[in-house]
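Before anything else, here's the structure in question.
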Amino acid sequence: MSDLCENNVSRRALLGAAGALFAWSFVPKFAYAAAGARDARFVCIVLRGAMDGLSAVAPLGDPDYVGLRESIALSTEGRTPALPLDGFFALHPAMPNLLRLYKVGQATVVHATSTGYRDRSHFDGQDVLESGQPGPGRTETGWMNRLLLTLPAGERIAQRGALGIGPVPPLIVRGRAPVTGWAPAILPKAKEDLAQRILDLYDARDPELGAQLRSGLETEHLASRMGGMAGQSGGGAAAAMRRVAEGAARLVNADDGPRIAALAFDGWDTHANEGGATGQLAQLLGGLDGAFAALEAGLKDRWADTVVMVVTEFGRTARVNGTVGTDHGNGTVAFLVGGAVKGGRVIADWPGLRPENLFERRDLRPTTDIRSVAKGVLSDLFGITAARLADDVFPGTPDLKPIQGLVA
């Protein structure tokens, strides 16, 4: 599968180092409103690299699971037991916070899910996931941006458009609707007067660029006024996920902040030494679990009106490979978390793991399209009709009906 593993980590790291000195905002104000009285928040977390859904939420009740997974198979016994969700599925032991939210009805698991894409290329899979289109390369806009364009005029939703977290806003939020960009600083904090001196220079020489910088600095101030993140570094991927989630929560929680946000976590391509209850994947899942806790704590009273949706471009092979990892697959798992989620359940039309039930006899067969999940959330949270979702947000999908009852 190495020919399908496009390695863009170094390029993203380079962009991060170059772009994180300042936060940039595009088109600072644009007003919309949600349907109804709920002041809703929607956050989408994209896990880039293809998360192993069979390890994140293990189908322990499937008789073929252990044979396929061998040494990385989870179990409810031993020193690091999996966390039972029901009589069939169990959560990875690195995610106790997600289990807590599940038990209080604030988390739902959607298993055997995927987009309609089946060719296992990271770039194309991420393009399809974030664009919301049937195939790759069909648009340069993301479905969350098009979501904003369907909302009626008003004051609540998207006073500043969507929030795109990272040196470059993710594709999922790019488009005609305004996007505010923010990234936590990864460089040492500069002297207090540096930003003002540069701003004065831009105001004198390039007023348009000065206005962009001023807007970005306002976003940075908004993110840090409840406790700054500038100059923080270290702690590995798990700590980085939590720091990003903390900043996102501050922005989305603010009365004058965005209501819709997207962020992406890299590193989920576990071809070798994936690990089972402990190891590489466990560390990543622990970081995601910490991000849930950070969002819940940072959103405070807004948590009751929040849905956090976690998606990945595709899953991984059902069988472990020769390097004790898993290769690019299809079916995976998605999470819905938040006080507005009608949770405490696993949604799965389980296809089974027998060889004849696997997709191309190698992958968990997807039985639920992730676009139907997203449609259900957007319909319930923002009152968008199925017709608008099929025509404008996820074009050409009239046959993919919204899953009802995902939002409390």
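Residue numbers run from 1 in the order of the sequence given.
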* Asked: Sub-3.5 Å donor-acceptor pair from the side chain of Arg259 to the main-chain atoms of Phe42, do we have one?
  -> no

* Short side-chain to backbone donor-acceptor contact, Asp62 and Leu353, under 3.5 Å -> yes

* Structure fact -> Only one of Val43, Leu406, Ile370 passes side-chain contact (heavy atoms from CB on, under 4.5 Å) with Met309, and that residue is Ile370

* Please confirm whether the backbone N or O of Gly315 pairs with a side-chain atom of Asp363, one donor and one acceptor, at under 3.5 Å? => no

* Asked: Just how far is it from atom OG1 of Thr317 to atom CZ of Arg361, taken to the nearest 0.5 Å?
  -> 15.0 Å

* Test item: Asn330 and Leu364 side chains (from C-beta on) under 4.5 Å apart, heavy atoms -> no

* Asked: So, does Thr332 use its side chain to make a donor-acceptor pair with the main chain of Met51 at under 3.5 Å?
  -> yes

* **Nearest-0.5 Å distance, OG1 of residue Thr80 to CG of residue Leu74** => 10.0 Å

* To do: Apply side chain to side chain contact (heavy atoms under 4.5 Å, CB included) to Asp369 and Thr113, showing your working.
  => CA-CA 6 Å; Asp369 195 299; Thr113 186; 6.0 Å; no

* Structure fact -> Rounded to the nearest 0.5 angstrom, the CG-CG distance for Asp269 and Asp327 is 9.0 Å

* Do side-chain atoms of Ser379 reach the backbone of Thr385 as a donor and acceptor pair under 3.5 angstrom? -> no

* Is any side-chain heavy atom of Leu378 less than 4.5 Å from a side-chain heavy atom of Trp143? -> yes

* Asked: Taking all non-hydrogen atoms of both residues, which atom of Leu163 and which atom of Pro258 are closest, and how far apart?
  -> CB-CG, 3.6 Å

* Separation between CE of Met241 and CD of Glu246, rounded to the nearest 0.5 Å -> 13.5 Å

* **Residues in salt bridge (charged side-chain N to carboxylate O under 4.0 Å, His left out) contact with Arg354, at least two apart in sequence or another chain** => Glu356

* Asked: Do Ile172 and Cys44 touch side chain to side chain, with heavy atoms closer than 4.5 Å?
  -> yes

* To do: Would you check, one step at a time, whether the test side chain to side chain contact (heavy atoms under 4.5 Å, CB included) holds for Trp182 with Leu263?
  => CA-CA 10 Å; Trp182 176 81; Leu263 53 152; over 6 Å; no

* His111 and its ring pair (Phe, Tyr, Trp, His ring centres under 6.0 Å) partner, picked from Phe88, Phe89, Phe335 -> Phe89

* Look up atom CG in Leu336 and atom CD1 in Ile347, then write down how far apart they are to the nearest 0.5 Å. => 7.0 Å

* **Derivation and outcome, salt bridge (Lys or Arg N to Asp or Glu O under 4.0 Å), residues Arg38 and Asp305** => CA-CA 7 Å; Arg38 168 174 264 167; Asp305 293 318; 2.8 Å; yes

* Sole candidate of Arg138, Arg48, Arg371 that passes salt bridge (Lys or Arg N to Asp or Glu O under 4.0 Å) when paired with Glu130 -> Arg48

* To do: Report yes if the side chains of Leu295 and Ile45 come closer than 4.5 Å at any heavy-atom pair, otherwise no.
  => yes

* Using a 4.5 Å cut-off on heavy atoms from C-beta on, say whether the side chain of Thr141 contacts that of Arg146. => yes

* Asked: For Thr150 and Leu389, what are the C-alpha separation, side-chain angles and deciding distance, and is it a side chain to side chain contact (heavy atoms under 4.5 Å, CB included)?
  -> CA-CA 8 Å; Thr150 69; Leu389 289 167; over 6 Å; no

* Starting from the C-alpha separation in whole Å, work towards a yes-or-no answer on side chain to side chain contact (heavy atoms under 4.5 Å, CB included) for Leu288 and Trp268. => CA-CA 11 Å; Leu288 179 61; Trp268 299 82; 4.3 Å; yes

* Taking atom OG1 of Thr323 and atom CG of Asn321, what is their separation to the nearest 0.5 Å? -> 3.5 Å

* **Closest approach of Tyr65 to Ile72 (non-hydrogen atoms, all atoms of both residues)** => OH-O, 4.4 Å

* To do: Looking only at non-hydrogen atoms, find the nearest pair between Val57 and Leu91 and report the distance.
  => CG2-CD1, 3.9 Å

* Minimum-distance pair of heavy atoms, taken over all atoms of Gln126 and Gly49 -> NE2-N, 3.8 Å

* Structure fact -> On a heavy-atom basis, the closest approach of Arg69 and Ala318 is NE-O, 3.1 Å

* Look only at the side chain of Asp349 and the backbone of Thr367, and say whether a donor-acceptor pair between them is shorter than 3.5 Å. => no

* Going through the checks in order, is the side-chain hydrogen bond (donor to acceptor under 3.5 Å, both in side chains) test met by Trp303 and Gln106? -> CA-CA 10 Å; Trp303 182 250; Gln106 295 185 10; 2.7 Å; yes

* Asked: Considering only heavy atoms from C-beta outward, does the side chain of Leu400 approach that of Phe394 to under 4.5 Å?
  -> no

* Asked: Taking Arg388 for the side chain and Ala386 for the main chain, is one N or O donor matched with an acceptor at less than 3.5 Å?
  -> no

* Any donor-acceptor pair under 3.5 Å linking the side chain of Thr312 with the backbone of Leu47? -> yes

* Asked: What pair of heavy atoms forms the shortest contact from Ala249 to Ala294, and how long is it?
  -> CB-O, 4.0 Å

* Asked: With a 4.5 Å heavy-atom cut-off, do Val308 and Val341 have their side chains touching?
  -> no

* To do: Would you please say whether a donor-acceptor pair under 3.5 Å links the side chains of Glu274 and Thr326?
  => yes

* Asked: Ile384 versus Leu151: any side-chain heavy-atom pair under 4.5 Å?
  -> yes

* Looking only at atom types and distance, does a side-chain atom of Glu140 sit under 3.5 Å from a main-chain N or O of Ser131, one as donor and one as acceptor? -> no

* To do: Would you confirm whether Arg118, through its side chain, and Thr115, through its main-chain N or O, come within 3.5 Å as a donor-acceptor pair?
  => yes

* Asked: For Asp119 and Ser121, what are the C-alpha separation, side-chain angles and deciding distance, and is it a side-chain hydrogen bond (donor to acceptor under 3.5 Å, both in side chains)?
  -> CA-CA 6 Å; Asp119 289 336; Ser121 162; over 6 Å; no

* Asked: Would Arg302 and Glu296 count as a salt bridge (Lys or Arg N to Asp or Glu O under 4.0 Å) if you check the C-alpha gap in whole Å, the side-chain angles of each, and the deciding distance to 0.1 Å?
  -> CA-CA 9 Å; Arg302 307 294 189 190; Glu296 181 185 16; over 6 Å; no

